[in-house]
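Heads up, the thing below is written out as C-alpha coordinates.
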Amino acid sequence: MTLTAPASWVGTAPTASGGGEGYQTPTPEIFWQPLFELGPITVTNQMAWAAIITAALSFAMIALSKNAAVVPGKGQWLFENFYNLPRNTIARDMIGTRHFRQYLPLIVTLFTMVLFFNLAGSFFGSMMPVTSKIGFPIALTLVVYVVYHWIGVKKHGLGGYFKHMVPGGLPKAVVPVIFPLELITYFITRPLTLALRLFGNMFAGHMLIYLFVTGAFYFLIEGDILLKLVSLPTFLMAGVMLVFELLVQFLQAFVFALLTASYIAGALADDH
Amino acid sequence: MEGNLSVVGYGLSAIGPAIAVGLIFAAYINGVARQPEARNLLQPIAILGFALAEALAIFGLVLAFVFN
(Lines give C-alpha, C1' and ligand atoms only; values in the text may rest on other atoms or scores of the structure.)
Protein backbone atom coordinates (compact mmCIF):
# COMPACT_ATOMS: atom_id res chain seq x y z
CA MET A 1 0.00 0.00 0.00
CA THR A 2 1.14 3.47 -0.73
CA LEU A 3 -0.60 4.94 2.29
CA THR A 4 2.49 4.99 4.44
CA ALA A 5 5.00 5.66 1.71
CA PRO A 6 7.22 8.57 2.60
CA ALA A 7 6.48 10.81 -0.30
CA SER A 8 6.94 14.51 -0.53
CA TRP A 9 4.04 16.20 1.11
CA VAL A 10 2.85 19.00 -1.10
CA GLY A 11 1.07 21.00 1.58
CA THR A 12 -2.49 22.22 1.39
CA ALA A 13 -2.00 24.74 -1.37
CA PRO A 14 -3.41 23.33 -4.59
CA THR A 15 -1.88 26.14 -6.56
CA ALA A 16 1.64 25.38 -5.38
CA SER A 17 2.07 23.46 -8.58
CA GLY A 18 -0.07 25.96 -10.43
CA GLY A 19 1.03 28.09 -13.32
CA GLY A 20 -1.29 26.38 -15.76
CA GLU A 21 -0.44 22.83 -14.73
CA GLY A 22 -4.03 22.12 -13.82
CA TYR A 23 -5.67 20.76 -10.73
CA GLN A 24 -3.99 17.89 -8.97
CA THR A 25 -6.41 15.51 -7.35
CA PRO A 26 -5.50 14.55 -3.78
CA THR A 27 -3.70 11.27 -3.30
CA PRO A 28 -3.23 9.25 -0.09
CA GLU A 29 0.06 11.08 0.25
CA ILE A 30 -1.74 14.05 1.83
CA PHE A 31 -1.90 11.96 5.01
CA TRP A 32 1.87 11.81 5.31
CA GLN A 33 2.72 14.83 7.43
CA PRO A 34 6.09 14.45 9.11
CA LEU A 35 6.99 16.96 11.80
CA PHE A 36 10.50 16.00 12.88
CA GLU A 37 12.75 12.98 13.14
CA LEU A 38 13.63 11.29 16.40
CA GLY A 39 16.36 8.81 15.58
CA PRO A 40 14.84 6.16 13.30
CA ILE A 41 11.30 7.30 14.10
CA THR A 42 9.62 10.08 12.17
CA VAL A 43 7.11 11.88 14.35
CA THR A 44 4.10 12.83 12.29
CA ASN A 45 1.33 15.33 12.77
CA GLN A 46 -1.09 12.57 13.74
CA MET A 47 1.26 11.16 16.39
CA ALA A 48 1.66 14.59 17.97
CA TRP A 49 -2.09 15.12 18.04
CA ALA A 50 -2.67 11.65 19.46
CA ALA A 51 -0.31 12.47 22.32
CA ILE A 52 -1.90 15.88 22.92
CA ILE A 53 -5.45 14.51 22.86
CA THR A 54 -4.60 11.59 25.13
CA ALA A 55 -2.92 13.88 27.65
CA ALA A 56 -5.76 16.40 27.58
CA LEU A 57 -8.40 13.67 27.93
CA SER A 58 -6.63 12.01 30.85
CA PHE A 59 -6.25 15.33 32.61
CA ALA A 60 -9.86 16.40 31.97
CA MET A 61 -11.40 13.09 32.98
CA ILE A 62 -9.38 12.81 36.18
CA ALA A 63 -10.12 16.43 37.10
CA LEU A 64 -13.85 16.03 36.41
CA SER A 65 -14.27 12.81 38.35
CA LYS A 66 -11.91 13.39 41.29
CA ASN A 67 -14.23 15.34 43.56
CA ALA A 68 -17.38 13.42 42.71
CA ALA A 69 -20.23 14.52 44.96
CA VAL A 70 -23.74 13.20 45.47
CA VAL A 71 -25.09 16.48 44.15
CA PRO A 72 -23.03 16.94 41.00
CA GLY A 73 -21.56 20.24 39.99
CA LYS A 74 -21.56 21.54 36.43
CA GLY A 75 -18.43 19.69 35.35
CA GLN A 76 -19.43 16.45 37.00
CA TRP A 77 -22.91 16.64 35.49
CA LEU A 78 -21.43 17.10 32.03
CA PHE A 79 -19.00 14.25 32.49
CA GLU A 80 -21.64 11.92 33.89
CA ASN A 81 -23.87 12.55 30.91
CA PHE A 82 -21.02 11.80 28.56
CA TYR A 83 -20.10 8.69 30.54
CA ASN A 84 -23.65 7.39 30.50
CA LEU A 85 -23.62 6.80 26.76
CA PRO A 86 -20.82 4.19 26.62
CA ARG A 87 -21.85 2.82 30.02
CA ASN A 88 -25.56 2.30 29.47
CA THR A 89 -26.19 2.21 25.73
CA ILE A 90 -23.05 0.32 24.75
CA ALA A 91 -21.68 -1.75 27.62
CA ARG A 92 -24.78 -2.54 29.66
CA ASP A 93 -27.09 -3.22 26.75
CA MET A 94 -24.62 -5.35 24.80
CA ILE A 95 -22.83 -7.31 27.52
CA GLY A 96 -25.66 -7.57 30.02
CA THR A 97 -26.10 -6.30 33.55
CA ARG A 98 -24.20 -9.15 35.16
CA HIS A 99 -20.75 -8.86 33.64
CA PHE A 100 -20.52 -5.39 32.11
CA ARG A 101 -18.83 -3.60 35.03
CA GLN A 102 -15.64 -5.56 34.52
CA TYR A 103 -15.21 -4.39 30.93
CA LEU A 104 -16.49 -0.85 31.44
CA PRO A 105 -13.04 0.80 31.71
CA LEU A 106 -11.93 -0.68 28.39
CA ILE A 107 -15.08 0.26 26.51
CA VAL A 108 -15.32 3.79 27.91
CA THR A 109 -11.63 4.36 27.16
CA LEU A 110 -11.94 3.05 23.62
CA PHE A 111 -15.06 5.10 22.92
CA THR A 112 -13.58 8.31 24.28
CA MET A 113 -10.24 7.85 22.55
CA VAL A 114 -11.69 6.97 19.17
CA LEU A 115 -14.25 9.76 19.42
CA PHE A 116 -11.70 12.48 20.08
CA PHE A 117 -9.15 11.02 17.67
CA ASN A 118 -11.87 11.24 15.02
CA LEU A 119 -13.06 14.68 16.04
CA ALA A 120 -9.54 16.01 15.50
CA GLY A 121 -10.47 15.91 11.82
CA SER A 122 -13.12 18.59 12.12
CA PHE A 123 -11.46 21.28 14.19
CA PHE A 124 -8.94 23.91 13.32
CA GLY A 125 -5.49 23.32 14.62
CA SER A 126 -5.38 19.64 13.76
CA MET A 127 -7.82 19.36 10.82
CA MET A 128 -6.71 15.77 10.38
CA PRO A 129 -8.41 12.77 11.95
CA VAL A 130 -5.75 10.88 13.87
CA THR A 131 -7.43 7.58 13.01
CA SER A 132 -7.07 8.25 9.28
CA LYS A 133 -3.59 6.79 9.61
CA ILE A 134 -3.99 3.00 9.51
CA GLY A 135 -1.57 2.44 12.41
CA PHE A 136 -3.92 3.89 15.01
CA PRO A 137 -6.95 1.70 14.20
CA ILE A 138 -4.66 -1.34 14.01
CA ALA A 139 -3.22 -0.61 17.47
CA LEU A 140 -6.69 -0.11 18.96
CA THR A 141 -7.95 -3.26 17.26
CA LEU A 142 -5.01 -5.30 18.56
CA VAL A 143 -6.10 -4.50 22.11
CA VAL A 144 -9.67 -5.57 21.37
CA TYR A 145 -8.48 -8.70 19.54
CA VAL A 146 -6.37 -9.90 22.44
CA VAL A 147 -9.03 -9.02 25.01
CA TYR A 148 -11.98 -10.85 23.49
CA HIS A 149 -9.99 -14.00 22.73
CA TRP A 150 -8.55 -13.92 26.23
CA ILE A 151 -12.02 -13.60 27.75
CA GLY A 152 -13.30 -16.46 25.61
CA VAL A 153 -10.43 -18.79 26.50
CA LYS A 154 -10.68 -17.90 30.18
CA LYS A 155 -14.41 -18.58 30.23
CA HIS A 156 -14.62 -21.76 28.14
CA GLY A 157 -11.09 -23.16 28.18
CA LEU A 158 -9.03 -23.45 25.01
CA GLY A 159 -10.86 -26.43 23.54
CA GLY A 160 -14.19 -25.21 24.77
CA TYR A 161 -13.64 -21.83 23.14
CA PHE A 162 -13.24 -23.41 19.71
CA LYS A 163 -16.26 -25.58 20.37
CA HIS A 164 -18.16 -22.50 21.48
CA MET A 165 -17.61 -20.85 18.09
CA VAL A 166 -19.95 -23.29 16.35
CA PRO A 167 -23.58 -22.49 17.19
CA GLY A 168 -25.24 -25.32 19.06
CA GLY A 169 -28.08 -27.39 17.66
CA LEU A 170 -26.60 -27.82 14.20
CA PRO A 171 -26.84 -31.17 12.43
CA LYS A 172 -23.56 -33.09 12.63
CA ALA A 173 -23.00 -33.00 8.87
CA VAL A 174 -22.98 -29.19 8.72
CA VAL A 175 -20.45 -28.65 11.52
CA PRO A 176 -17.28 -29.24 9.40
CA VAL A 177 -18.55 -26.61 6.95
CA ILE A 178 -19.52 -24.05 9.56
CA PHE A 179 -16.41 -24.43 11.74
CA PRO A 180 -13.87 -23.02 9.23
CA LEU A 181 -16.25 -20.18 8.43
CA GLU A 182 -16.57 -19.29 12.10
CA LEU A 183 -12.81 -19.65 12.54
CA ILE A 184 -12.23 -17.13 9.74
CA THR A 185 -14.85 -14.83 11.22
CA TYR A 186 -13.29 -14.88 14.68
CA PHE A 187 -9.63 -14.64 13.69
CA ILE A 188 -9.55 -12.70 10.40
CA THR A 189 -12.77 -10.95 9.45
CA ARG A 190 -13.55 -9.40 12.82
CA PRO A 191 -10.21 -7.63 13.46
CA LEU A 192 -9.82 -6.75 9.79
CA THR A 193 -13.22 -5.09 9.51
CA LEU A 194 -12.92 -3.42 12.91
CA ALA A 195 -9.68 -1.69 11.92
CA LEU A 196 -10.55 -1.03 8.29
CA ARG A 197 -14.01 0.37 9.01
CA LEU A 198 -12.66 3.08 11.28
CA PHE A 199 -9.70 3.81 9.03
CA GLY A 200 -11.72 3.79 5.81
CA ASN A 201 -14.40 6.13 7.09
CA MET A 202 -11.95 8.69 8.44
CA PHE A 203 -9.68 8.41 5.43
CA ALA A 204 -12.46 8.80 2.88
CA GLY A 205 -14.18 11.60 4.77
CA HIS A 206 -11.04 13.66 5.13
CA MET A 207 -10.12 13.11 1.50
CA LEU A 208 -13.58 14.24 0.40
CA ILE A 209 -13.36 17.47 2.38
CA TYR A 210 -9.84 18.04 1.08
CA LEU A 211 -11.07 17.53 -2.47
CA PHE A 212 -13.91 20.02 -2.08
CA VAL A 213 -11.80 22.71 -0.39
CA THR A 214 -8.84 22.51 -2.73
CA GLY A 215 -11.15 22.23 -5.73
CA ALA A 216 -13.03 25.35 -4.67
CA PHE A 217 -9.75 27.23 -4.20
CA TYR A 218 -8.62 26.11 -7.62
CA PHE A 219 -11.87 27.30 -9.22
CA LEU A 220 -11.62 30.61 -7.41
CA ILE A 221 -8.01 31.36 -8.25
CA GLU A 222 -7.36 29.70 -11.59
CA GLY A 223 -10.78 29.58 -13.21
CA ASP A 224 -12.49 32.12 -15.44
CA ILE A 225 -15.56 34.05 -14.31
CA LEU A 226 -17.95 31.13 -14.69
CA LEU A 227 -15.75 28.80 -12.69
CA LYS A 228 -15.32 31.46 -10.01
CA LEU A 229 -19.11 31.35 -9.58
CA VAL A 230 -18.99 27.57 -9.29
CA SER A 231 -16.51 27.86 -6.42
CA LEU A 232 -19.20 29.21 -4.10
CA PRO A 233 -21.40 26.07 -4.09
CA THR A 234 -18.22 24.03 -3.86
CA PHE A 235 -17.25 25.84 -0.66
CA LEU A 236 -20.78 25.35 0.64
CA MET A 237 -20.57 21.66 -0.15
CA ALA A 238 -17.29 21.46 1.77
CA GLY A 239 -19.10 22.96 4.76
CA VAL A 240 -21.94 20.48 4.42
CA MET A 241 -19.49 17.60 4.25
CA LEU A 242 -17.73 18.94 7.34
CA VAL A 243 -21.00 18.79 9.30
CA PHE A 244 -21.76 15.36 7.87
CA GLU A 245 -18.29 14.25 8.92
CA LEU A 246 -19.06 15.25 12.53
CA LEU A 247 -21.92 12.76 12.44
CA VAL A 248 -19.76 10.06 10.87
CA GLN A 249 -16.96 10.63 13.35
CA PHE A 250 -19.32 10.22 16.27
CA LEU A 251 -21.03 7.23 14.68
CA GLN A 252 -17.75 5.45 14.00
CA ALA A 253 -16.59 5.88 17.60
CA PHE A 254 -19.96 4.53 18.71
CA VAL A 255 -19.74 1.60 16.30
CA PHE A 256 -16.19 0.78 17.36
CA ALA A 257 -17.16 0.61 21.03
CA LEU A 258 -20.42 -1.20 20.19
CA LEU A 259 -18.63 -3.89 18.20
CA THR A 260 -16.02 -4.30 20.93
CA ALA A 261 -18.81 -4.81 23.45
CA SER A 262 -20.57 -7.22 21.12
CA TYR A 263 -17.41 -9.30 20.58
CA ILE A 264 -16.84 -9.44 24.33
CA ALA A 265 -20.48 -10.43 24.84
CA GLY A 266 -20.10 -13.12 22.19
CA ALA A 267 -17.02 -14.56 23.92
CA LEU A 268 -18.76 -14.43 27.29
CA ALA A 269 -22.02 -15.99 26.17
CA ASP A 270 -23.00 -19.42 27.40
CA ASP A 271 -23.36 -22.04 24.70
CA HIS A 272 -26.07 -20.87 22.42
CA MET B 1 -9.73 10.00 -21.04
CA GLU B 2 -7.54 9.05 -18.14
CA GLY B 3 -8.42 7.29 -14.95
CA ASN B 4 -8.19 4.15 -12.99
CA LEU B 5 -10.38 1.10 -13.36
CA SER B 6 -10.08 0.28 -9.65
CA VAL B 7 -12.14 3.38 -8.88
CA VAL B 8 -14.94 2.03 -11.08
CA GLY B 9 -14.59 -1.20 -9.14
CA TYR B 10 -15.07 0.70 -5.92
CA GLY B 11 -18.19 2.31 -7.33
CA LEU B 12 -19.57 -1.12 -8.18
CA SER B 13 -18.67 -2.52 -4.78
CA ALA B 14 -20.53 0.31 -3.07
CA ILE B 15 -23.88 -0.56 -4.69
CA GLY B 16 -24.54 -3.62 -2.55
CA PRO B 17 -23.73 -2.05 0.84
CA ALA B 18 -25.69 1.08 -0.15
CA ILE B 19 -28.83 -0.98 -0.74
CA ALA B 20 -28.17 -2.96 2.43
CA VAL B 21 -27.78 0.15 4.59
CA GLY B 22 -30.97 1.55 3.10
CA LEU B 23 -32.88 -1.64 3.88
CA ILE B 24 -31.54 -1.78 7.44
CA PHE B 25 -32.57 1.75 8.29
CA ALA B 26 -35.91 1.33 6.51
CA ALA B 27 -36.60 -1.64 8.74
CA TYR B 28 -35.46 0.33 11.78
CA ILE B 29 -37.72 3.28 10.95
CA ASN B 30 -40.62 0.92 10.33
CA GLY B 31 -40.06 -0.76 13.64
CA VAL B 32 -39.88 2.49 15.58
CA ALA B 33 -42.94 3.85 13.79
CA ARG B 34 -44.96 0.81 14.77
CA GLN B 35 -43.66 0.60 18.29
CA PRO B 36 -41.97 3.79 19.48
CA GLU B 37 -41.03 2.32 22.87
CA ALA B 38 -38.86 -0.29 21.14
CA ARG B 39 -36.53 2.46 19.92
CA ASN B 40 -33.79 1.96 22.50
CA LEU B 41 -33.83 -1.77 21.87
CA LEU B 42 -33.68 -1.44 18.09
CA GLN B 43 -31.08 1.31 17.85
CA PRO B 44 -27.94 -0.71 18.71
CA ILE B 45 -29.14 -3.56 16.52
CA ALA B 46 -29.70 -1.21 13.58
CA ILE B 47 -26.31 0.43 14.00
CA LEU B 48 -24.63 -2.96 14.36
CA GLY B 49 -26.22 -4.14 11.13
CA PHE B 50 -25.29 -0.90 9.43
CA ALA B 51 -21.67 -1.28 10.51
CA LEU B 52 -21.47 -4.84 9.24
CA ALA B 53 -22.97 -3.94 5.86
CA GLU B 54 -20.77 -0.88 5.54
CA ALA B 55 -17.62 -2.95 6.05
CA LEU B 56 -18.00 -4.31 2.52
CA ALA B 57 -17.91 -0.83 1.02
CA ILE B 58 -14.84 -0.04 3.10
CA PHE B 59 -13.13 -3.16 1.76
CA GLY B 60 -13.83 -1.84 -1.72
CA LEU B 61 -12.37 1.54 -0.90
CA VAL B 62 -9.18 0.07 0.52
CA LEU B 63 -8.79 -2.40 -2.34
CA ALA B 64 -9.26 0.43 -4.82
CA PHE B 65 -6.15 2.06 -3.37
CA VAL B 66 -4.23 -1.21 -3.00
CA PHE B 67 -4.63 -2.10 -6.69
CA ASN B 68 -4.07 1.44 -7.83
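By convention in this document, chain letters (A, B, ...) are assigned in the order of the sequence lines, proteins followed by strands, and residues within each chain are numbered from 1.
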- Message: How close do B/Ala51 and A/Leu259 get, counting heavy atoms only, and between which atoms?
- Response: CB-CD1, 4.3 Å
- Message: If you count heavy atoms of other groups shown closer than 6.0 angstrom to CZ of A/Phe187, is the number above 12?
- Response: yes
- Query: Is chain A contacted by the side chain of B/Leu61, its backbone, both, or neither, given a heavy-atom distance below 4.5 Å?
  - Reply: side chain
- Nearest heavy atoms of B/Ala55 and A/Thr193, plus distance in Å: CB-CG2, 3.8 Å
- Query: Do you know which of A/Ile90, A/Val255, A/Asn201 has the most heavy-atom pairs under 4.5 Å to chain B?
  - Reply: A/Asn201
- Got a second to check how far A/Asp93's CG is from B/Leu41's CG, nearest 0.5 Å? 8.0 Å
- Message: If I measure from the heavy atoms of chain A, does B/Leu52 come under 4.5 Å with its side chain, its backbone, both, or neither?
- Response: both
- Under a 4.5 Å heavy-atom cut-off, does chain B meet the side chain of A/Leu251, its backbone, both or neither? side chain
- Task: Measure the shortest side-chain to side-chain distance between A/Leu192 and B/Phe59 over non-hydrogen atoms and say whether it is less than 4.5 angstrom.
- Result: yes
